[in-house]
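Data block below; observations after.
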Amino acid sequence: MIHLFEVILILLCAVVALEAMSRRAALPSPFLLLPAGIFLGFIPGFPHITLDPDLALYVFLPPLVYAGAALGSWIEFRKNMRPIALLSIGCVLFTTVMVALAAHLLIPSFGWAEAFILGAIVSPPDEVAAISIMGRLGIPKALSAILAGEGLVNDATALTVYRFAAVAVVTHTFSAMKAAASFTMVVSGEIVWGFLVGWVILRIRRWLHNTSLEMSLSLLTPFIAYLPAARLGGTGVLATVTAGLYVSYMNSHLVRATTRLQLVPVWQIIEFVLDGVLFLVAGMQFHRILEPLSKIDYRLLWEYGIGISLLVIVLRILWVFSVAGVQKSLCMSLRPGEPNPRWQRLFIVSWSGMRGAISLAAALSIPLITSSGMPFPQRDLMIFLTFCVIVSTLVLQGLSLPGLIRFFAIDREGRQERAEAGHQEIEARRQAAEASLALLAARRKDGTYPEALLDRLEDQYRYRNAQFRAHLDGDHDGAVQHGTHRFNVQTELIETERQVMLQLRQSGVIDDEILRRIEKDLDLQEMRLRQGITEYNLYADQGEDYSE
């Protein structure tokens with residue numbers, strides 16, 4: 001008998017292996033994780049893991065949402081607030097209503113409340129796959145920011161509508177006025193609570209002055225923001241997003257450098273593991289989903305599944321182009337101060353609506369019985385239709401998205417944008433270097449520090465400033481070549497020091513404690529060096545990656 005701990009280890013190994021395979025195949029990991037989960041679910045004797053909705057909504061969702069917000073940018077979110085709101089609120093509500101209408105009219109015994117539950121469940125896209133594809137192809141920052149922002153907020157809209165509809169089915173009562181008032185209170189209350197949590201947590205972390213405690217508190221932050229809001233009738237998502245965005249914006253002001261350097265990779269690992277396990281376990285639910293529907297004609301089931309899936313895809317395309325047309329006719333821009341995007345960009349946004357495991361978790365959280373003790377109507381069918389939408393959007397849209405991005409030359413626009421951003425970054429680095437030189441000159445006049453020390457530091461900053469100026473003056477090849485030579489020589493020197501330390505440890509001259517202290521210093525030098533190579537190689541189209 002396989003124990004639960006062993007099953008978890010198997011799943012983690014599978015996630016790592018499939019992630020490695022997906023990178024070699026240049027595919028987002030969900031394309032392999034979901035089918036692998038389906039395969040595992042049908043293996044005789046393999047433990048059938050049930051995706052507990054509470055586990056998904058209260059354990060997986062808070063850190064995933066928080067990581068997306070905390071590792072994102074409040075400035076980009078604010079700059080793209082209009083398109084993000086139109087997609088995460090407008091498109092989600094539009095899709096919910098239209099799917100509900102179609103389900104009520106076309107599927108027998110589907111009441112309005114059940115239809116709205118289905119609409120709310122399948123309406124929010126999970127942008128993990130889309131952003132993964134676009135990140136590898138290098139799309140323009142605005143597109144990536146819009147999709148990332150939509151992914152942060154749309155779950156809140158959909159889960160709010162879902163809860164209202166579920167309550168209507170369970171209690172057999174519904175008031176549109178009360179629902180609208182509750183929605184307003186939920187949104188405003190969660191934003192205030194999220195801001196308060198972010199503000200308090202950052203100041204506690206600043207007061208602690210201990211990296212381990214700060215990191216522990218950072219890991220608790222999404223749950224502190226999410227759980228009280230969820231328990232009080234909200235979704236918790238907006239509160240978590242608000243806390244994450246506040247931490248992201250204030251991170252440079254209130255978080256110590258040592259903590260920042262260690263926290264970012266920790267959150268990236270958490271995001272990677274949770275996303276992978278969630279998609280894998282979601283695939284394993286397919287076998288369990290089919291069992292209660294064995295008495296229904298499978299041909300009819302697939303017709304419903306394909307129909308709802310195609311409807312969800314078409315509705316997003318219709319919404320994106322309709323809103324863009326209305327904005328254009330009113331002489332309004334989707335992004336204030338900028339021209340309206342060309343239709344190819346709009347199509348890429350409309351085609352990036354892949355659904356994910358959170359939709360399945362919401363479907364599985366549908367109550368088993370109503371307040372009268374009767375089975376919840378159409379529960380099994382709604383779960384099956386949700387799974388169909390997830391699989392079909394991932395396969396149809398996800399597999400075709402890279403080709404469409406290249407066909408519409410969106411990746412070329414991204415390269416041009418990065419070249420411009422590279423120029424801005426180099427200019428910013430140059431100004432920082434000149435400010436440092438001015439400070440060194442002032443300290444030289446004060447006589448605060450020894451001349452020899454100031455001379456060495458001044459030489460370093462003059463060298464960096466010269467390299468930045470070479471880039472800005474158009475001598476990219478010379479600056480890149482010189483910087484690469486410097487990088488190669490210094491990495492050889494660091495590796496030589498590291499080998500000497502290992503030999504000294506082997507011969508008993510130093511012990512492990514001394515080795516680790518020296519090794520940490522060498523590792524930090526190498527990390528800084530690998531980061532610094534971008535100062536010379538920035539956006540020079542060399543095609544090499546020095547920061548693995």
Distance-minimising heavy-atom pair for L394 and P30: CD2-CB, 4.2 Å
Under 4.5 Å between any side-chain heavy atoms of R82 and L86, yes or no? yes
Contacts of I224 meeting side-chain contact (heavy atoms from CB on, under 4.5 Å) (sequence neighbours excluded), chain-then-number -> V197, I201, L220
Tell me if a side-chain donor or acceptor on Y246 pairs with a main-chain N or O of L196 at a distance below 3.5 Å. no
Checking the side chain of N154 only, and the main-chain atoms of P125 only, is there a donor and an acceptor separated by less than 3.5 Å? yes
Taking atom CZ of F272 as the centre, report whether more than 12 heavy atoms of other residues, nucleotides or ligands fall under 6.0 Å from it. yes
Say whether S123 and T96, considering side chains only, have a donor N or O and an acceptor N or O under 3.5 Å apart. yes
Considering all heavy atoms, the nearest F321-S350 contact: CE1-OG, 4.0 Å
Between the CG atom in L219 and the CE atom in M215, the distance rounded to the nearest 0.5 Å is 6.5 Å
Got a donor-acceptor contact below 3.5 angstrom from the T259 side chain to the T211 backbone? no
For R342, the salt bridge (charged side-chain N to carboxylate O under 4.0 Å, His left out) test, sequence neighbours excluded, returns E413
Closest contact, heavy atoms only, T95 versus R355: CG2-NH2, 4.3 Å
L318 side, atom CG; M98 side, atom CE - distance, nearest 0.5 Å: 8.0 Å
Would you please name every residue forming a side-chain contact (heavy atoms from CB on, under 4.5 Å) with M81, sequence neighbours left out? W74, F77
Check whether any side-chain heavy atom of L101 lies under 4.5 Å from a side-chain heavy atom of W112, and answer yes or no. yes
Less than 3.5 Å apart, which donor and acceptor atoms pair up between the side chains of residues 62-73 and the rest of the protein, not counting sequence neighbours?
unit_1, atom_1, unit_2, atom_2, d
S73, OG, I75, N, 3.4
S73, OG, E76, N, 3.2

Between OG1 of T221 and CZ of R205, what distance do you get to the nearest 0.5 Å? 6.0 Å
CE on M250 to CG on L245, rounded to 0.5 Å: 13.5 Å
Are the side chain of S218 and the backbone N or O of E214 linked by a donor-acceptor pair below 3.5 Å? no
What heavy-atom pair brings L18 and L32 nearest, and what distance separates the two atoms? O-CD1, 3.7 Å
Applying salt bridge (Lys or Arg N to Asp or Glu O under 4.0 Å), which residue pairs with at least one partner in residues 189-203 are found, sequence neighbours left out? none
For a quick test of reading the model, state the closest non-hydrogen atom pair linking G111 to H104 and the distance between them. C-ND1, 3.7 Å
Any chance you could measure L385, atom CG, to I308, atom CD1, to the nearest 0.5 Å? 6.0 Å
So, using side-chain contact (heavy atoms from CB on, under 4.5 Å) as the criterion, who are the partners of I313 when residues are at least two apart? I317, W351, T393, L396, Q397
Could you report the tightest heavy-atom contact between G119 and V99, atom names first, then the distance? CA-CG1, 3.7 Å
So, taking the atom named CG in L232 and the one named CG in L227, what distance separates them when rounded to the nearest 0.5 Å? 10.5 Å
L159 vs L61 side-chain heavy atoms within contact, under 4.5 Å: yes
Parallel, tilted or perpendicular, as decided by the 30° and 60° cut-offs, for the rings of H287 and F42: perpendicular
Keeping W193 on the side-chain end and T242 on the backbone end, is there a donor-acceptor pair under 3.5 Å? no
